[in-house]
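Residue numbers count from 1 along this sequence.
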Amino acid sequence: MKIRFGIKEVVAIGIGAALFVALTQVQIPLGFVPNTGMQPRAAVLAFMAAVFGPVVGCAIGFIGHALGDAIFYGSVWWSWVIPDALFGLLVGLFFEKYQIKNGGFTAKPAVLFNVVQIIANAVCWCAAAPVFDILIYAEPANKVFLQGLTAFVANIIVVAVLGTLLAFGYTKISGKSSSLKKED
């Protein structure tokens with residue numbers, strides 16, 4: 001795995017974090033579990049990590065979530081910021097295999113992308129976030145594990161639909177761009 005970090009990656013972090021923050025307030029609330037909802041920012045994070053890799057994904061998750069919490073809620077909920085950063089890192093670890101940049105995001109890489117995002121969501125929302133909630137904020141276990149499970153399911157759906165569509169759209173544009181460069 002070749003992890004490059006240059007101007008494109010810095011710009012991707014800035015754009016990704018800004019989108020993440022802007023989408024913090026965009027959600028479909030799940031009224032049966034407090035403070036959880038379906039949020040398109042999860043798909044943006046997964047997509048950016050899948051295109052630019054683990055460092056960019058981790059930075060977007062960390063910066064975007066921390067700034068979004070601070071701006072819209074007045075304080076940062078670190079027990080959920082850290083899992084979003086971890087999610088970006090985990091999804092981004094396989095960015096070369098998704099082949100999004102070179103126009104090769106087809107059915108097989110799409111399946112891999114979704115298997116990885118499901119596993120990453122499980123690690124982050126069924127384990128990390130609830131445990132951090134208990135350790136950092138002394139939250140009740142039954143509440144935080146229910147919130148984590150709800151976020152896990154909601155994020156899987158959002159990333160599977162919106163994240164996969166973003167990847168397919170980007171790979172079509174990127175693939176055309178790559179083939180034009182080869183013809184020159």
Co-membership, hydrophobic cluster, residues [X] and [Y], 4.5 Å side-chain:
| X | Y | result |
| --- | --- | --- |
| Leu112 | Val159 | yes |
| Leu162 | Phe87 | yes |
| Phe5 | Phe94 | yes |
| Val144 | Ile136 | no |
| Leu23 | Val91 | yes |

Item to check | Criterion side chain to side chain contact (heavy atoms under 4.5 Å, CB included) on Ile13 and Val10, from CA distance to verdict | outcome: CA-CA 5 Å; Ile13 290 170; Val10 171; 5.6 Å; no
Min side-chain heavy-atom separation [X]-[Y] under 4.5 Å:
| X | Y | answer |
| --- | --- | --- |
| Phe72 | Val21 | yes |
| Phe47 | Tyr170 | yes |
| Gln39 | Val158 | no |
| Phe145 | Leu149 | no |
| Gln25 | Tyr73 | yes |
| Thr24 | Ile71 | no |

Next on the checklist: According to ring pair (Phe, Tyr, Trp, His ring centres under 6.0 Å), does anything in residues 97-128 pair up with another residue at least two apart or in another chain? List the pairs.
Outcome noted: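 Sorted pair list: Trp80-Trp125, Tyr98-Phe113, Phe105-Phe168.
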Roughly how far, to the nearest 0.5 Å, is the [atom2] atom of [Y] from the [atom1] atom of [X]?
| X | Y | atom1 | atom2 | answer |
| --- | --- | --- | --- | --- |
| Leu89 | Cys124 | CG | SG | 9.0 Å |
| Leu45 | Asn155 | CG | CG | 9.0 Å |
| Lys8 | Ile15 | NZ | CD1 | 12.0 Å |
| Asn121 | Ile157 | CG | CD1 | 10.5 Å |
| Ile28 | Met38 | CD1 | CE | 5.5 Å |
| Gln147 | Asp133 | CD | CG | 6.5 Å |

Checklist entry - Sequence neighbours excluded, which residues qualify as side chain to side chain donor-acceptor pair (under 3.5 Å) partners of Thr164? => result Asn114
Next on the checklist: For Ile7, is the CD1 atom crowded, meaning more than 12 foreign heavy atoms sit under 6.0 Å from it?
Outcome noted: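 Result for CD1/Ile7: open.
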Checklist entry - Is the backbone N or O of Ala167 less than 3.5 Å from a side-chain atom of Thr171, with the two atoms forming a donor-acceptor pair by type? => result no
Next on the checklist: Donor-acceptor check, side chain of Gln99 to backbone of Pro109, threshold 3.5 angstrom: yes or no?
Outcome noted: no
[X] versus [Y], closest heavy-atom pair with distance:
| X | Y | value |
| --- | --- | --- |
| Ala154 | Gly37 | CB-O, 4.0 Å |
| Ala120 | Leu90 | CB-CB, 3.8 Å |
| Gly88 | Ala49 | O-CB, 3.3 Å |

Checklist entry - Tyr137 and Phe132: side chain to side chain contact (heavy atoms under 4.5 Å, CB included), yes or no, with the steps? => result CA-CA 8 Å; Tyr137 302 109; Phe132 288 148; over 6 Å; no
Checklist entry - Which pairs count as salt bridge (Lys or Arg N to Asp or Glu O under 4.0 Å) when at least one residue sits in residues 13-30, sequence neighbours excluded? => result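 Residue pairs with at least one partner in residues 13-30: there are none.
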Show which side-chain atoms of residues 51-69 pair as donor or acceptor with protein atoms under 3.5 Å away, not counting sequence neighbours.
residue, atom, partner, partner atom, Å
His65, ND1, Asp84, OD2, 2.5
His65, NE2, Asp69, OD1, 3.4
His65, NE2, Asp69, OD2, 3.4
Asp69, OD2, Trp77, N, 2.9

Next on the checklist: For Glu9, give me all partners under salt bridge (charged side-chain N to carboxylate O under 4.0 Å, His left out), at least two apart in sequence or on another chain.
Outcome noted: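 Counting only residues at least two positions away or on another chain, Glu9 forms no salt bridge (charged side-chain N to carboxylate O under 4.0 Å, His left out).
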Next on the checklist: According to salt bridge (charged side-chain N to carboxylate O under 4.0 Å, His left out), who are the partners of Lys143, at least two apart in sequence or on a separate chain?
Outcome noted: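 Checked Lys143 against salt bridge (charged side-chain N to carboxylate O under 4.0 Å, His left out); matches are Glu139.
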